[in-house]
Structure formats: structure tokens, C-alpha cells
> 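Below is the structure I would like to discuss, written out as C-alpha cells.
Naming: A, B, ... by sequence-line order, numbering from 1 per chain.
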Protein chains: 2
Amino acid sequence: MTSSASVSFLNEARRVAIFGGTHGNEMSGITLVNMWIKNGDEIQRNGVETKPFITNPRAVEKCTRYVDTDLNRAFTTENLSAPSKEDLPYEVKRAQQINLLFGPKGSPNAYDVIFDLHNTTSNMGCTLILESSSDHFNLQMMHYIKEAIAPDCCRVLLTEHPLLKYSTSRSVAKHPIGLEVGPQPHGVLRSNIFEAMRLVVKHALDFIELFNQGLEFRPCTLDVFRVSEKMDYPRDTNGNIIAMVHPHLQDCDWEPLNPGEPIFQMFDGTSICYEGVGTVYPTFINEAAYYEKQQAFVTTRRETLAARAIKKAHD
Amino acid sequence: MTSSASVSFLNEARRVAIFGGTHGNEMSGITLVNMWIKNGDEIQRNGVETKPFITNPRAVEKCTRYVDTDLNRAFTTENLSAPSKEDLPYEVKRAQQINLLFGPKGSPNAYDVIFDLHNTTSNMGCTLILESSSDHFNLQMMHYIKEAIAPDCCRVLLTEHPLLKYSTSRSVAKHPIGLEVGPQPHGVLRSNIFEAMRLVVKHALDFIELFNQGLEFRPCTLDVFRVSEKMDYPRDTNGNIIAMVHPHLQDCDWEPLNPGEPIFQMFDGTSICYEGVGTVYPTFINEAAYYEKQQAFVTTRRETLAARAIKKAHD
Ligand SMILES: [Zn+2]
Ligand SMILES: [Zn+2]
């Protein structure tokens with residue numbers, strides 16, 4: 001077998017969108033996208049059409065996560081095929097519009113790449129969100145970004161999971177990429193978080209330009225954290241939380257957590273310990289928006305994925 | 001003049017309220033007050049009636065700062081005397097109810113002390129908010145708390161200002177005390193912030209108990225930061241912000257800022273410097289809720305207040 005025989009030839013990634021404001025109070029992505037809508041020089045690349053886009057303008061206007069329902073859970077087949085009616089929730093109507101503009105989801109006409117920019121109150125640093133372990137274009141892109149950003153850190157969260165995966169705004173594209181950067185309180189713009197997000201997008205677009213120019217990316221491996229289980233706060237029978245994230249866990253996203261180590265602290269000071277099996281790596285620890293989703297954090301497990309060599313297919 | 005001649009004899013502080021949820025997404029105060037409503041043992045003191053109270057339950061329910069208008073600006077004479085009508089904003093109606101329960105504001109029947117518990121996204125640590133430099137009861141209480149909490153830090157922000165003072169929920173009481181603790185993202189409960197707030201309230205109640213028992217508090221001085229000027233973000237003609245808090249200022253609440261030092265960073269990296277006169281001490285730096293109030297931070301100036309000796313008056 002020659003070296004070229006093991007290369008996957010993929011279509012060029014000509015149409016790229018950058019989404020901000022999928023959650024209307026996550027200010028770094030909103031500010032970057034609004035800035036690029038005014039002046040897109042910094043996101044132009046040879047052979048790439050890049051479209052910055054505010055996905056939930058009404059939520060952005062109100063500086064709230066959403067108006068009627070979470071847009072980033074709204075891109076289900078059911079919603080996207082629902083008959084247009086006046087009384088659909090705002091975000092469902094908006095999902096249908098976005099699907100027409102950037103999809104249709106799952107079709108050959110869909111955008112090649114969508115970056116969806118998010119912020120979190122969790123201490124997650126720069127996190128790329130990967131939806132499929134077999135998307136070799138994305139595996140190669142994420143590998144490229146991690147190398148480019150070193151010695152700074154950029155983790156990859158793999159959301160492939162039978163129950164915990166959901167229908168994101170970016171899922172309209174052939175290659176969906178989520179970018180979470182934190183910690184940043186919702187409604188606040190922090191310059192360090194803004195610049196970290198901007199730099200990841202820069203490297204991502206550089207990768208796409210190189211790919212479209214015909215550069216071959218060699219086989220490589222990618223360390224990822226695969227979503228494992230969702231952990232809720234301890235609650236009373238009325239659903240009110242009765243414990244806080246333990247100070248030993250707070251802000252320790254991506255650090256190993258072992259059975260017997262504390263995860264929650266009751267108001268009387270007693271600890272509740274992790275009772276799972278083996279070492280896990282918690283993330284999204286104490287994210288503001290996840291109280292209503294009954295999630296204090298998610299556990300992940302480390303895994304190494306193999307990325308095939310890729311190269312642009314000849315037209 | 002004998003030593004007793006210089007003592008101010010004040011009425012005992014029998015009726016004390018602790019307000020949480022004046023802003024419905026500031027979770028430490030809300031959680032503490034709800035906890036104390038269920039079980040108030042920890043806030044009981046001899047000779048003191050302490051009432052924990054959620055001031056804006058609808059906003060707490062929705063985990064939002066307010067429903068119609070900011071409750072913590074609503075206690076104006078105009079609002080409190082407005083005829084009850086169905087179409088008053090929710091928070092104005094609520095202010096009237098609170099004024100009946102804990103006031104009337106300015107009357108002899110008003111509560112003696114109200115603590116109003118707030119959180120901020122700013123890196124302010126524990127901050128006591130003092131509304132009047134001539135409230136010697138509060139001066140003595142804040143001095144007591146600062147000593148009790150040392151070597152940890154608890155600053156005093158004096159909001160006495162011809163333009164920047166506003167009509168707070170706590171202003172219903174004879175002795176209003178605001179407590180701001182941060183940094184904590186809105187909608188998030190952090191155990192370190194929760195415990196810091198709990199400890200300040202403990203010392204405050206201890207002070208009141210000692211005062212009511214007849215202990216004399218000696219003359220002392222109190223270092224405060226007096227609100228000086230409100231600084232907005234640089235904005236374009238549409239009101240959109242065009243710069244961020246500078247990384248050299250971000251999280252540096254209470255640290256000296258001198259003319260010529262950077263306060264904002266434009267998106268192209270250029271800095272905007274402070275152009276005021278003399279050294280100031282910024283605070284409420286990059287508080288989420290103040291974007292809509294056109295405030296990036298407030299400057300303060302240091303001042304030392306003299307507190308008179310106080311003692312409970314004999315009945
Ligand atoms: Zn988000
Ligand atoms: Zn507040």
C-alpha cells in the first residue's frame with residue numbers, strides 16, 4: 001500500500017460560518033461575531049467564504065440565554081420539519097430559518113463548517129467540542145489547533161453519547177465545531193476570554209485555508225475527553241438544591257476525580273463524595289445555565305482517537 | 001468632659017431583617033436566606049428578632065435580576081407613595097409591600113437594621129455598603145466586622161454622593177447595610193462566596209447582640225472608599241460597546257489607579273487610559289448587571305471616618 005492509498009480525499013471546505021449568540025448572554029462570541037460583521041478582514045482566507053452570523057438576535061438583544069427555549073437543543077428533525085405556524089416557540093422558528101440559510105441539515109447543500117462560539121462560567125479554558133469521533137476533517141483541524149496554540153492548552157470534548165448528545169445549532173453543517181471558552185460570567189465580556197476565543201478561530205481558519213490549498217495532513221492521534229455521565233446537584237423533594245459544588249472540585253475542570261473524593265458540600269459542611277468507578281475528568285463544573293438542566297457537572301473519560309490522513313479531493 | 005459624656009446613646013436594635021433576592025440571580029444571599037427561613041438557629045441572638053426575607057420572589061423564581069424594573073432602585077418617595085394600581089411595575093408593588101412590612105421608610109416604626117445580601121461578578125471580595133457617614137451605629141458595626149474578620153479583608157463602600165446614591169431595598173430601615181460578595185457569576189452558587197457572606201452576617205449579628213446587651217463601643221476610625229465617579233464603557237453612536245475592561249484593570253477592584261494607566265482595551269489592542277485627577281480606587285469593575293446602567297466601574301476615594309462611642313440607651 002502506498003502512502004497515498006491511506007489518504008482520505010475530502011471535499012474542500014469552501015463555505016464556513018461562525019455563529020455567535022446561540023446563547024444570547026455569552027458575550028465573547030457575540031462581540032467577536034458583531035465585530036466581524038462590521039469588518040471581516042481578520043476572518044478572510046484564500047479560497048474560503050466565511051460568514052459571521054448572530055443566531056439568536058432576540059436573546060442577544062435581551063442579554064438572556066434564550067427567549068422561549070434553548071436554541072442549542074432545537075435542531076431536531078421534528079422541529080426542523082414542523083409546519084411553520086405563528087405559535088411555534090421563537091427559537092424553533094429561528095432554527096428553521098438557520099436550517100434554510102446554512103443547511104438543510106444532512107444535505108449536500110449544507111455549509112461545510114460551522115463554528116459555534118460559546119462561553120461558560122466553568123473554568124474550562126479553551127474547549128473544542130467534537131460531535132463525531134469519525135469526522136476526520138474535524139479530528140485533523142482540532143489536532144492542528146492544539147499544536148498551534150501550544151504551550152497553551154486547548155481540550156477536546158467529544159459529545160458522542162447515546163443519551164447526552166443533543167441537537168445543536170452547528171449540527172446543520174457537515175463539520176460542526178463547538179468552541180467553549182471560560183470562565184466568563186454570562187453577560188460579561190472579559191478581554192482574556194475574548195482574545196483566547198479569537199486565537200482559536202484564527203488557527204481554525206488557517207487550517208481550512210491550508211486544506212483548501214491542497215496540503216496533505218498526515219495521520220495523527222487526538223486526545224479527547226468523552227462525555228460519560230451527567231451529575232446533578234443534591235436536591236430536596238421540591239427540587240431545591242441542598243448542596244454546593246465542593247471547594248475541592250470547584251474550578252477543577254479536566255482534573256482527575258477519583259471515587260471517594262468530595263464533589264458536593266452540604267450547607268452544614270458535610271461532604272458528599274464521588275461514588276463512580278475509576279478515574280473521571282469532570283467538566284462544565286457549576287455552569288450557570290445548567291442548574292435548570294439538573295446538571296452540576298459532567299464526567300468524562302480520556303480517550304485517544306486516530307485521525308486518518310486527509311487531503312482535498314481534486315475537482 | 002467625662003468619658004461617658006462623649007457617648008451617643010442609641011436605641012437598641014431589636015428588629016433586624018436579612019434580605020436575599022433583591023436581585024433574583026444573586027445566589028449566595030438567596031440560598032442563605034432560604035436556608036435560614038427553614039432553620040433560623042444560626043441567626044438567632046439574645047434580645048434580637050431576626051427575620052430572613054426574600055424580597056423579589058418572582059425574580060428569584062425566574063433566576064433573573066428583576067422582572068419589570070430594578071427593585072434596588074425602586075424605594076423612592078414617589079414609588080412608595082404611588083396609588084396602588086394593577087398596572088404598576090411588579091417591583092414597585094413589591095417595594096410598597098416591603099415598605100409596609102419593614103418600614104415605613106423614615107418612620108419610628110421602621111425596622112432597626114436591614115442587611116441586604118448581594119453578589120457581584122466583580123472581584124470585590126467582601127464589601128459592606130454604607131449609605132451615610134453619620135450613621136455611627138453602622139460605623140461601629142462595620143469596624144467590629146472588619147476586626148472580627150481580620151486578617152481577611154472586608155472593605156466599606158460609602159455611597160453618599162449627590163448623584164450616584166439610589167433608593168435601595170435596605171433604605172427602609174433605620175440602619176441600612178448592603179453586603180456585596182464576589183466574584184460570583186449570576187445564577188451560580190460558589191461555596192467560597194457563600195461561606196464568606198455567611199461569616200460577615202454572623203459577625204454583624206454578634207455585634208448587635210453585644211450592643212443590645214449594653215456593651216459600650218469606644219470611639220474608633222473606619223477606612224472607607226467613597227464613591228466618586230461612574231465610568232462607562234467606550235461606545236459607538238448606537239450604544240454598542242467598542243472596548244473591554246483592560247486586562248491590567250480587570251479583577252483589580254480596590255487597587256490604586258493613577259492617571260495615565262490603562263482602563264480599556266479596544267478590539268484592535270490599543271489602550272484607553274485613565275484621565276482623572278489623582279489616585280482613585282476602582283470597584284464594581286465589569287459587573288454584569290451594570291452594562292445596562294452604562295457603568296464599567298466606579299471610582300472611589302479613600303477616606304477615614306471617625307465613629308463616636310455608642311451605647312444602648314436605657315429604656
Ligand atoms: Zn452556550
Ligand atoms: Zn445585587
Side-chain angles (χ1 to χ4, degrees), chain A residues 25 27-28 30-32 34-36 38-39 41-42 60 62-65 119-123 182-195 198 233 236 238 240-251 262 264-269 271 285-292 296, chain B residues 25 27-28 30-32 34-36 38-39 41-42 60 62-65 119-123 182-195 198 233 236 238 240-251 262 264-269 271 285-292 296:
Chain A
N25 56 5
M27 299 310 294
S28 299
I30 293 165
T31 308
L32 282 168
N34 277 329
M35 184 183 86
W36 290 328
K38 276 195 209 148
N39 180 349
D41 291 353
E42 152 178 349
V60 170
K62 300 174 89 169
C63 196
T64 186
R65 184 172 173 88
N119 293 115
T120 174
T121 62
S122 305
N123 187 27
Q184 181 176 271
H186 299 319
V188 167
L189 180 65
R190 288 182 63 100
S191 61
N192 60 329
I193 301 297
F194 173 92
E195 295 297 348
R198 189 181 198 172
Y233 299 88
D236 65 17
N238 297 319
N240 298 313
I241 70 165
I242 55 170
M244 305 172 280
V245 168
H246 195 280
H248 289 178
L249 181 63
Q250 179 69 51
D251 302 327
F264 296 111
Q265 186 174 56
M266 306 284 284
F267 301 138
D268 67 2
S271 294
I285 298 171
N286 213 355
E287 156 59 42
Y290 290 168
Y291 280 75
E292 68 175 27
Chain B
N25 56 6
M27 299 310 293
S28 299
I30 293 165
T31 308
L32 281 168
N34 276 329
M35 184 183 86
W36 290 328
K38 275 194 211 151
N39 181 349
D41 291 352
E42 151 179 350
V60 170
K62 299 173 90 172
C63 197
T64 186
R65 184 173 174 86
N119 293 115
T120 173
T121 62
S122 305
N123 187 27
Q184 181 175 270
H186 299 319
V188 167
L189 180 65
R190 287 182 62 99
S191 61
N192 60 330
I193 301 297
F194 173 94
E195 295 296 350
R198 188 181 198 173
Y233 299 88
D236 66 18
N238 297 320
N240 298 313
I241 71 165
I242 55 170
M244 305 173 280
V245 168
H246 195 281
H248 289 178
L249 181 63
Q250 178 70 52
D251 303 326
F264 296 112
Q265 186 174 57
M266 307 283 285
F267 301 139
D268 67 1
S271 294
I285 298 171
N286 213 355
E287 157 59 43
Y290 290 168
Y291 280 75
E292 68 175 27

> Contact part of B:I241 toward chain A, heavy-atom cut-off under 4.5 Å: side chain, backbone, both or neither?
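Only the side chain of B:I241 comes within 4.5 Å of chain A.
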> Quick one: what part of A:E195 sits under 4.5 Å from any heavy atom of chain B, side chain, backbone, both or neither?
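The side chain, not the backbone.
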> Which atoms of B:D236 come close to chain A, meaning under 4.5 Å heavy atom to heavy atom: side chain ones, backbone ones, both, or neither?
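Side chain only.
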> If you count heavy-atom pairs within less than 4.5 Å of chain A, which of B:P183, B:C63, B:S191 leads?
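Winner by heavy-atom pair count: B:S191.
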> Where on B:T64 is there a heavy atom nearer than 4.5 Å to chain A: the side chain, the backbone, both, or neither?
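For B:T64, neither part sits under 4.5 Å from chain A.
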> Atom CD1 in A:I193, atom CE in B:M244: separation rounded to 0.5 Å?
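Going from the CD1 atom of A:I193 to the CE atom of B:M244 covers 11.0 Å.
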> Relative to chain A, which segment of B:Y291 carries a heavy atom at a distance below 4.5 Å: side chain, backbone, both, or neither?
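When you check distances to chain A, only side chain atoms of B:Y291 fall under 4.5 Å.
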> Quick one: of A:I242, A:V188, A:N34, A:N192, who has the most non-hydrogen atom pairs under 4.5 Å with chain B?
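So the answer, after comparing A:I242, A:V188, A:N34, A:N192, is A:V188.
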> So which part of B:F194 gets closer than 4.5 Å to some heavy atom of chain A, the side chain, the backbone, both or neither?
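Contact with chain A involves the side chain of B:F194 alone.
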> Between A:N286, A:T121, A:D251, which is the residue that forms a side-chain hydrogen bond (donor to acceptor under 3.5 Å, both in side chains) with B:R190?
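That would be A:D251; it is the only one of A:N286, A:T121, A:D251 passing the side-chain hydrogen bond (donor to acceptor under 3.5 Å, both in side chains) with B:R190.
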> Quick one: of A:E287, A:R198, A:E292, who has the most non-hydrogen atom pairs under 4.5 Å with chain B?
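Of the options given, most contacts go to A:R198.
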> Please round to the nearest 0.5 Å and tell me the distance separating atom CG of B:N240 and atom CE of A:M35.
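That separation rounds to 13.5 Å.
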